[in-house]
J.: 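My structure is below; once you've seen it, I'll send some questions.
Reminder, nothing fancy here: chain letters follow the sequence lines and each chain counts from 1. All values derive from a computational prediction rather than experimental measurement.
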Amino acid sequence: MINITLPDGSVKQVEKGTSSMDIAKSISEGLARKVLAATVNGIVFDANRPINEDATLKLLTWNDTDGQMTFWHSSAHLMAEAVESMFPGVKFWVGPPLDNPKGFYYDMDLGDRKMTEDDLAALEKKMNELAKQQNVFSRKEMSKADAVKYFTEKGDEYKLDLLQNLNDGEITFYTQGNFTDLCRGPHIPNTGFIKAIKLTNIAGAYWKGDEKNKQLTRVYGVTFPSQKEMDEHLAMLEEAKKRDHRKLGKELGIYTMDDQVGPGLILWMPNGGVIIEELEKLAKESEQAAGYKRVVTPHIAKESMYLTSGHLPYYADSMFPPMEMDGDRYYLRAMNCPHHHKIFDAELRSYKDLPLRLAEYGTCYRYEQSGELFGLMRVRCLHMNDAHIYCSKEQFAQEFKAVNDLYLKYFKIFGIEKYVMRLSLHDPEKLGQKYVNEPELWKETEELVRNVLIETGVPFVEVKGEGAFYGPKIDVQIWSAIGREFTLATNQVDFAQSRSFNLTFTNAQNEKEIPLIIHRAPLGTHERFIGFLLEHYAGKFPMWLAPVQVKVLPISDKFVDYAKAVSDKLKNADIRAEVDDRNEKIGKKIRDTEMMKVPYMLVVGEKEMNENKVAVRRQGKGDIGLKSIDEFMNEAVAEIKERRAE
RNA sequence: GCCGUUGUAGCUCAGUGGUAGAGCACUUCCUUGGUAAGGAAGAGGUCGUGAGUUCAAUUCUCAUCAACGGCUCCA
């Protein structure tokens, strides 16, 4: 007999070799129907795998992330079985579960054959058939020698590649129905648990994620234990689509694009222009207060500058090809830093000038690969909330912290809570290749940056091998409505470019010293930031950012003059107000204004005109009552001035 | 750049081997209406672009451009 400890602390005595499923059954039949897998002493186990020693047991159901992961991983196997039946001879790579977006994929080599979306429906049908058979997932251990022999005979180079990293005792096979796969498991008890299946798309994916390798076919899918959950999932995706900045950007007249202008080139429409103005106002205010100085620099420069900076030839692929002029090659800039370095270098600098903080909303051009363009989030012309801080080593920690504090200030204003701070470090093995060869400086600055983060109490993750070539950085990662991850803002250390540009200052000992540089863009770029804000607010911008802040809606033509008087008064108080003087009924005007997500509507008719008042209506909330014009105006001005979230 | 999908009116989308339709938006008229769509009429498209097949192509084939879903890459 062995002792099984359950999460509530109770201990069950069972025969050696009893499975978690048996234990679930002994508790209740209902529970047994829901058990997908279990953790035994913290290790995820198949529900029907025998337990041979004393253990703490947690039964996993759909409510556990590990349960869902097991479910989707098993679904990938089910899909593989269906694919193999329709494409005999197919070779499989890996088929992991996914948390975001939810579901799973399987990478496969179809040889000369091609799979198209038409095949997905047939595959789904086959999967449903196989699921109904309630085929059991059975586990079998195998020696490495036997496994290698098995896949060599099969001619499966992919699984042989996987085996290279495995040893005896780690190699298990799972079989369900007619499909057997090398797999560490675990799996759900049988395929019958999978009740709702949807294969979502088909894509190419490079083997091992390396574009030099062969491209495999990847099929994405998602499954659920009931149709109800599938329906909920699909409804959620529909909701997410409504937040998509590309859809909202069009509906709200924020931006447009045009074939003749070119891909990835944004045309900001008047409503977008207002948001840009407001963001720049915010940036300039806070930078002014934090001791930054504004500069303005050209969008192009000669090749030699980018040779000095080290951006060419390493960055050449991301830059537009050069223009030949007067025997020189000029590049559209992909970054602002070299221009700013030249301003630093234009005068002899003393330690008394430092820290020198140069700020510019700099326009950059990047030749992003065509497949990477994505609405406002990934474009070819961008406006960066850029600044470069030149400081001494002693000043560095304080300066870096000040930048970090600026981030947090902005996050509070915008109510940004769902993000991940990522500390990107260098990879010591790639010093001199991907990273400038300054091991001591790397170590030192990474430590400084980490300490700032710890001090500020911001949760962060560390990633090795993600640093810039010139130093470590902190990125703020966010997710778009459709679940794609982006870097919203960045704060980078640079101890390389000051060397390549020969930047120096005279220290108190009258010696030349090389400054450290901080590159920072807390508001990222206008493009990505506004794309993010559109999704973050679902188009319902707070008052201070809203392109139109107040719409005055006269009940009929008779009150248009009064409406215009109200609107003029608001405009004089710097409120963006407009009158809807169309020949429409009030219901129609309200509907249209609601859809444009204007924060306030002022309905004015006979009653309001006679009393010098307005009937206030808040977007999304409805009628909030009569107010005098002055009362509304004062409140509105305060709401804007304080940049209130609502 | 690679794999897959799509491209019809300003927007959302039907449709067809015999040179095109709906709703919304737009213009004009009627209506002057009190908190999420009043009514009528009108205007608007060489069906992404180029070539091929055909008596005939928006429809079939190929190429190309762009967008979308991924991969790689990045703010």
J.: Taking pairing as Watson-Crick or G-U wobble with both contacts under 3.5 Å, can you name the mate of B/A37, or confirm there isn't one?
T.: none
J.: Establish, with yes or no, whether the OP1 or OP2 oxygen of B/C74 is under 4.0 angstrom from a side-chain nitrogen or oxygen of A/Thr487.
T.: no
J.: Should B/G52 form a Watson-Crick or G-U wobble pair with both distances under 3.5 Å, which nucleotide is its partner?
T.: B/C60
J.: State which of B/C11, B/G1, B/C2 makes the closest approach to the side chain of A/Tyr367.
T.: B/G1
J.: Measure the distance from CZ on A/Arg378 to P on B/C71 and round it to the nearest whole Å.
T.: 12 Å
J.: Suppose we call a contact any N or O donor and acceptor under 3.5 Å apart; does that hold for the side chain of A/Gln369 and the base of B/C73?
T.: no
J.: Quick check with a 6.0 Å cut-off and a 45 degree axis cone: is A/Arg218 positioned over the face of A/Tyr106's six-membered ring?
T.: no
J.: Under a 3.5 Å limit for both distances, which nucleotide forms a Watson-Crick or G-U wobble pair with B/C68, could you say?
T.: B/G4
J.: Can you check the distance between B/G69 and B/G33, where both ends of the measurement are the P atom (answer in whole Å)?
T.: 48 Å
J.: Counting only side-chain heavy atoms from C-beta out, which of B/A75, B/A36, B/G1 sits nearest to A/Glu594?
T.: B/A36
J.: Does A/Glu368 make a side-chain donor-acceptor contact with the base of B/A75, cut-off 3.5 Å?
T.: yes
J.: Donor-acceptor pair under 3.5 Å: do we get one between A/Arg246's side chain and the base of B/A67?
T.: no
J.: Any donor-acceptor pair, under 3.5 Å, between the side chain of A/Glu608 and the base of B/G34, if you only look at N and O atoms?
T.: yes
J.: Between A/Leu453 and A/Asn404, is the side-chain contact (heavy atoms from CB on, under 4.5 Å) condition met? List the steps.
T.: CA-CA 8 Å; A/Leu453 282 176; A/Asn404 210 58; 4.1 Å; yes
J.: Assess the pair A/Trp479 and A/Tyr419: is the distance between their ring centroids shorter than 6.0 Å?
T.: no
J.: Rounded to the nearest Å, what distance is computed from the CD atom of residue A/Gln260 to the C1' atom of nucleotide B/U49?
T.: 12 Å
J.: Which parts of residues 579-590 of chain A get close to RNA chain B, meaning a heavy atom less than 4.0 angstrom away?
T.: A/Asn583, A/Glu584, A/Lys585, A/Ile586, A/Gly587, A/Lys588, A/Ile590
J.: Has A/Arg333 got its NZ or CZ under 6.0 Å from the middle of the six-membered ring of A/Tyr365, at an angle within 45 degrees of the ring axis?
T.: no
J.: Please name the nucleotide paired to B/C26 by Watson-Crick or G-U wobble geometry with both distances under 3.5 Å, or report none.
T.: B/G42
J.: Using the P atom as the point on both nucleotides, what is the distance between B/U54 and B/C13, in whole Å?
T.: 36 Å
J.: In this structure, is the centre-to-centre distance between the rings of A/Phe532 and A/Phe486 below 6.0 Å?
T.: no
J.: Does B/G21 have a Watson-Crick or wobble mate here (both distances under 3.5 Å), and if so which one?
T.: B/C13
J.: Do the rings of A/Tyr331 and A/Tyr306 sit parallel, tilted or perpendicular, given the 30° and 60° boundaries?
T.: perpendicular
J.: Say you pick atom C1' in B/G45 and the same atom in B/C26; how far apart are they, in whole Å?
T.: 15 Å
J.: Students often mix this up, so state it plainly: with edges at 30° and 60°, are the rings of A/Tyr367 and A/Phe320 parallel, tilted or perpendicular?
T.: perpendicular
J.: In Watson-Crick or G-U wobble terms, both distances under 3.5 Å, what is the partner of B/U32?
T.: none
J.: In whole angstrom, give the distance that lies between atom CE of A/Met377 and atom P of B/G70.
T.: 13 Å
J.: Are A/Tyr435 and A/Phe469 close enough that their ring centres sit under 6.0 Å apart?
T.: no
